[in-house]
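Structure first, then comments.
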Number of protein chains: 2
Amino acid sequence: MNHLSGHPSLTPMLRKLMKWSALDEEDQQAILDLPHEIRRVDRGDYIVREQDKPSHAALLLSGFAYRHKFVGSGGRQILSVHMSGDMVDLQNTLLRTADHNVQALSRAVVAFIPCRAIKELAFGRPRVGMAMWYDTLVDGSIHREWTANVGRRDARARVAHVLCEFGVRLNDGDLGSPCTYEFPMTQEEFADAVGLTPVHVNRTLKALDRDGLTDRAHRSVSIKQWDRLAEIGDFSTNYLHIQDEQGRAGADLPAWRMRP
Amino acid sequence: MNHLSGHPSLTPMLRKLMKWSALDEEDQQAILDLPHEIRRVDRGDYIVREQDKPSHAALLLSGFAYRHKFVGSGGRQILSVHMSGDMVDLQNTLLRTADHNVQALSRAVVAFIPCRAIKELAFGRPRVGMAMWYDTLVDGSIHREWTANVGRRDARARVAHVLCEFGVRLNDGDLGSPCTYEFPMTQEEFADAVGLTPVHVNRTLKALDRDGLTDRAHRSVSIKQWDRLAEIGDFSTNYLHIQDEQGRAGADLPAWRMRP
DNA sequence: CGACGTGTTGAAGGAGCTCAATCTAAGTGG
DNA sequence: CCACTTAGATTGAGCTCCTTCAACACGTCG
């Protein structure tokens, strides 16, 4: 990791929080004024380690990261994937001891904000606090969906589900289109996210291609039949709790987002 | 459900919140003064349904409840189990639309508190708000552990893990001892919690018995060899973020709680 | 160029599933 | 108090989806 003083600003975080709660000028300024330190990290670098007691909360300004934990047998479960604007360890602000790892999935720029500053902001400015709380709640909702994904869906559905979720979230963060994007994970990482082996993920992906649902070349994903893929993956956007800038849940979403 | 005016008080919630954050007299009184309505529910009654837009947050005063969601293929994934004092849908206070179901696992007493009152309390009294936020964060941590449980552990470990977690949480809530308790789920429900079939859960439980790790009779569980069961279940209490009344994480825990 | 990380494919085995029957305990009505 | 009912626990046999192991292909990068 190399350190450098901060040209990149906290705008991505502001952008995200504004989706969750209406913030006035002062709220917005307070967020941007948060003290922070910027670091660039490489693919594979750890941002937080299980058992750490971080004094700073990490915020992803660009690139991708993922959260994961190891199990006794040596396996690894990827718990979520994060993109620009995500607060990858807001929970450590209050929880003190990290219960899982956060690792960079690509080169990334990360802002580290003192936990104390986060707490003061959250409770000094209720609207900001509400937005942060909202964010952690959406995080929890995604965790629940992933539990259901690995617990009760077969391989084809698990894989399809993640492909859909990723497209929607990239789109929602203005980072790509829902049906064509660069997938930031290797198949080994994909496997650890869906609770399968890399071999079987590979076969499942190939099968989706063969059936004309997707079209992949290396890491680039193109979803050819969104509706059918979403159906196979049992995907609906409800659990993402997407809101427009005015904070109306699910308002005016394009048809492909919702499932009847 | 039958309604009745509230003899039972919100004490269990207060008890829980005090573990998460130091609250002064006024904070405590404010919690107990929260407006609420008490309902008794029977086993199987729904407390919240997916897609509901609840105006009240449910709080479990006694009995057990569980959260779950259905997947496309008809299967069901149980996401968490709750006991006295748990706020089973705090998230709906902010998220508006429920993304999963909450159902009673036994006869239970539930308090319904207006969402507005919760929000006012959370942001009017930062220490209370922090405790509530903390609670939702621990909730998220448990979700993560469950994702890893169903995603990356084999049947024996999954089952052992849940048996350990349940004992510790009951003990922590002063509802039982960690090694001997009444398990509130049928094997079918257990199966939906660990992503297995009831048949295989049954075989796995019997195997644990046969190996002298547990001793079950109907629903009552007795853990004979805690250390070995915890080892098999890859269980450690870290992810539960247990704190003592002074808010010191993991302080003075009995030896059986921690794993080196 | 050679080496390494990643993707792809085949073949064989196994953990957990499905289907189906039987057993048990806890009601429930008479 | 007992026959009857029923939900849940238990057990067996066969099958399948996914894993394991192993080899090979491909692209990138020092």
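It should be emphasised that the depicted structure is a prediction, and the values quoted were computed from it without experimental measurement. All chains are named by letter (A, B, ...) in the order of the sequence lines, taking the proteins before the strands, and each is independently numbered beginning at 1. Side chains included, hydrogens not; waters and symmetry mates left out as well; all remaining heavy atoms used.
The phosphate of D:dA9 has OP1 or OP2 within less than 4.0 Å of a side-chain N or O from B:R219. For C:dT8, one of the phosphate oxygens OP1 or OP2 lies less than 4.0 angstrom from a side-chain nitrogen or oxygen of A:N202. Contact annotation: B:R43 side-chain N/O to D:dA7 OP1/OP2 distance is not under 4.0 Å.
Where A:L205 and A:R152 meet DNA chain C, the nucleotide closest to each residue was compared, and A:L205 sits on the side nearer the 5' end. Heavy-atom distances to DNA chain C give each of A:K206 and B:V199 a nearest nucleotide, and the one nearer the 5′ end belongs to A:K206.
The residues A:R169 and A:D86 are annotated as salt-bridged, a charged nitrogen and a carboxylate oxygen being separated by less than 4.0 angstrom. Between B:E189 and B:R43, at least one side-chain N (NZ, or NE/NH1/NH2) sits under 4.0 Å from a carboxylate O, which counts as a salt bridge.
Here the P atom of nucleotide C:dT8 and the CG atom of A:L208 are 13 Å apart, to the nearest Å. The nearest whole Å value for the distance from the NE2 atom in B:H200 to the C1' atom in D:dA9 is 16 Å. Across the protein-nucleic acid pair, B:Q187 atom CD and D:dT11 atom P stand 10 Å apart, rounded to whole Å. In this structure, the CG atom of B:D154 is 16 Å from the C1' atom of C:dC17, given to the nearest Å. The CZ atom of B:R216 sits 9 Å away from the P atom of D:dA9 (whole-angstrom rounding). Summarising the geometry, the separation between CG on B:L196 and C1' on D:dC18 is reported as 14 Å, rounded to the nearest angstrom. For the pair A:H218 NE2 and C:dG5 P, the interatomic distance rounds to 15 Å; values are reported in whole Å.
Side chain of A:R203, nearest nucleotide from C:dG16, D:dC18, C:dG10: C:dG10.
Counting atom types as modelled, B:R158 pairs no side-chain N or O with a base atom of C:dG16 as donor and acceptor under 3.5 Å.
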